[in-house]
Structure formats: C-alpha cells, structure tokens
Protein chains: 2
Amino acid sequence: MPGARDLPHPDAATLVLTDVLFALSDPSRLALVRRLAQGPLEVAACQPTGGEVPKSTLSHHLRTLREAGVVRNVPEGRQRYVSLRREDLDDRFPGLLDAVLGGNGE
Amino acid sequence: MPGARDLPHPDAATLVLTDVLFALSDPSRLALVRRLAQGPLEVAACQPTGGEVPKSTLSHHLRTLREAGVVRNVPEGRQRYVSLRREDLDDRFPGLLDAVLGGNGE
DNA sequence: CTGATCGTTCAACTATTATGGAACTATGCC
DNA sequence: GGCATAGTTCCATAATAGTTGAACGATCAG
C-alpha cells in the first residue's frame with residue numbers, strides 16, 4: 001500500500017472543546033486559521049506572512065491544530081493541503097468558529 | 001482609603017482573544033466558567049465539585065481567568081465574589097461565550 | 001487588641017509546550 | 001537508479017504554565 005502518507009485525524013463527533021480552544025489560543029495558529037478560512041493552503045503557504053519559520057516548527061503547529069480537529073492535512077502528490085474543518089466544527093460547536101473568525105481581537 | 005483590596009481587571013475594549021481562548025482551554029477553568037454562567041460565586045464556592053484543591057491553586061486559576069478578562073473578582077466584606085464578565089465578552093467577541101457555554105464538548 | 005477566617009502572593013518545583021536542527025520518508029522528475 | 005522537493009518525526013533545549021506550602025494582608029467577632 002504505497003500511498004500511506006495519511007496522518008491521523010480525530011472524528012468530528014469526538015472533538016474536545018478545550019483542545020480546540022487551546023489550539024486556537026496561540027496567535028500564530030489563530031492567524032493561520034483565519035487565512036485557512038478563505039480556502040485551503042499547501043503547507044509551505046502556511047508560513048506566517050513575512051517571517052520565515054523552520055519547517056519543523058510550522059509542522060508542529062499544524063499538528064496541534066490537526067490533533068485538535070481544527071484542520072485537515074491531506075497528501076496531494078508531493079505536497080500536502082491544509083484545510084479548515086469548518087463543517088465538523090460547526091456541527092459540534094455551533095457558532096464557535098464564526099465567533100473566533102469574526103473581526104475582533106487578535 | 002481602607003477597602004483597597006481591588007485586583008486589576010483589563011478593560012472590556014482591550015480584551016485579547018487568544019488570552020480568552022487560553023483561559024478557557026483548561027477543563028477545570030471551563031467547568032468553573034460554566035457554573036459562573038448561572039450566577040456569581042464566592043471564591044470558596046469555586047472549588048471543583050467533589051475534589052478539594054489548595055487555595056493557592058484555585059487562586060491561580062482565578063487569576064488566569066481574571067487577567068484574560070473572563071471573570072471579575074470583587075471584594076465584598078471578608079470574602080470575594082467571582083462573576084462572569086458576560087456583557088463585556090459579548091460586546092467584544094459576539095457569540096463566543098454562547099458557543100463555549102453551549103452544550104457540547106468538555 | 002487578639003484571634004480566626006478568607007483569599008492573594010511568593011517561591012520552589014514539576015510538567016507541559018514551543019523551538020529548531022538533523023535525520024528520515026515519500027513523491028516526482030530525469 | 002539518482003537526485004531534488006515537500007514535509008514529518010526525532011531529539012534536545014528553552015520557555016511557559018500548573019501545583020503547592022508558607023507567608024502575608026484585610027476584615028470581622030469578641
């Protein structure tokens with residue numbers, strides 16, 4: 001089975017609120033989630049605008065978001081696409097994402 | 001001015017979203033916030049139901065919530081009342097508190 | 001004033017999280 | 001196959017957060 005590059009993702013039904021809140025409580029992760037709200041990005045494009053961050057650091061943040069169930073990370077050819085799990089989050093925690101994405105605060 | 005036992009509270013307008021999310025991302029703090037949604041409590045009543053926690057530990061959690069702007073802590077005679085800053089939070093982050101208090105997740 | 005009570009702050013320790021270099025895996029191109 | 005690319009994982013280190021006993025401050029009762 002060659003294409004076994006899939007990473008584990010929690011089921012929508014089992015998402016834990018405190019884990020989601022924690023994942024979103026970091027400014028750089030929150031900024032990324034806001035960008036992902038406008039559409040999927042490949043991992044390289046998840047770099048904070050302007051500054052460069054080591055790949056391992058970025059990967060760690062993506063992992064935190066993924067394990068909390070905030071983003072999905074799927075291989076696509078040689079790269080990976082990161083996308084917001086908007087429907088899953090809306091299903092399980094209605095209104096939360098909208099509130100977090102809504103204009104205010106950093 | 002004798003009754004100067006007031007603790008510092010951030011202004012409603014300056015609340016930082018990531019700080020609020022972080023304060024809510026701890027299960028015991030979130031559980032407390034849910035209880036506070038039903039009305040103010042004195043500090044001693046903020047103990048987790050069942051287990052006893054040292055006063056200093058409880059005080060530390062209250063501080064995290066207070067400094068994020070989630071709760072207000074006001075002296076009242078010999079004790080203190082802890083209350084949810086619901087209006088301030090709703091003003092600044094509309095829908096957030098409702099989403100977090102809403103049934104789902106732990 | 002003395003003592004008791006309520007709760008915060010301080011200081012020390014532990015545990016969790018963040019960071020980043022190096023090694024590794026998988027894919028695609030030649 | 002050989003090599004470059006994309007990104008994760010591993011490991012070590014630094015930084016941050018949680019936990020707790022003890023000291024402290026304020027208030028109230030007698």
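Below, chain A is the first sequence line, B the second, and so on; all start at residue 1.
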Item to check | Spacing between B:D26 atom CG and D:dA17 atom C1', to the nearest angstrom | outcome: 10 Å

Next on the checklist: What residues from residues 57-72 of chain B pass a heavy-atom cutoff of under 4.0 Å to DNA chain C?
Outcome noted: B:S59, B:R63

Item to check | Integer-rounded Å distance: C:dA26 P and A:D6 CG | outcome: 12 Å

Item to check | For atom CG of B:D19 and atom C1' of D:dA17, their distance in whole Å | outcome: 13 Å

Checklist entry - Out of curiosity, B:N73 CG to B:R80 CZ, how far, rounded to the nearest 0.5 Å? => result 5.0 Å

Item to check | By side-chain contact (heavy atoms from CB on, under 4.5 Å) - contacts of A:P27 (at least two apart) | outcome: B:T18

Next on the checklist: What is the distance, to the nearest angstrom, from the CZ atom on B:R5 to the P atom on C:dT5?
Outcome noted: 18 Å

Item to check | Closest nucleotide among C:dG7, D:dG7, D:dG21 to the B:E42 side chain | outcome: C:dG7

Checklist entry - Can you list the residues that meet the side chain to side chain donor-acceptor pair (under 3.5 Å) rule with B:Q47, with sequence neighbours excluded? => result none

Checklist entry - OP1, OP2 of C:dT8 versus side-chain N and O of B:N73: anything below 4.0 Å? => result yes

Next on the checklist: Under 4.0 Å from OP1 or OP2 of C:dT25: is there any side-chain N or O of A:R78 that close?
Outcome noted: no

Checklist outcome for this item: In this structure, CG of A:L89 is separated from CG of A:L84 (nearest 0.5 Å) by 6.0 Å

Checklist entry - Which value, rounded to the nearest 0.5 Å, describes the distance between B:D98 atom CG and B:D90 atom CG? => result 5.5 Å

Next on the checklist: What contact category does B:Y81 fall into here, base, sugar-phosphate, or nothing, at under 4.0 angstrom with non-hydrogen atoms?
Outcome noted: nothing

Checklist entry - Given the rule that I, L, V, M, F, W and Y join up when any side-chain heavy atoms are under 4.5 Å apart, are A:V16 and A:F93 in one cluster? => result no

Item to check | Of A:Q79 and A:L7, the one whose closest DNA chain D nucleotide lies more 5' | outcome: A:Q79

Checklist entry - To the nearest angstrom, how far is B:K55 atom NZ from D:dG25 atom P? => result 15 Å

Checklist entry - For the atom pair CG (B:L24) and CG (B:L65), what is the distance rounded to the nearest 0.5 Å? => result 7.0 Å

Item to check | Whole angstrom value for the distance that separates P of D:dA17 from CG of A:L21 | outcome: 16 Å

Next on the checklist: Just the rounded figure in Å: distance from C1' of D:dG7 to CD of A:E52.
Outcome noted: 14 Å

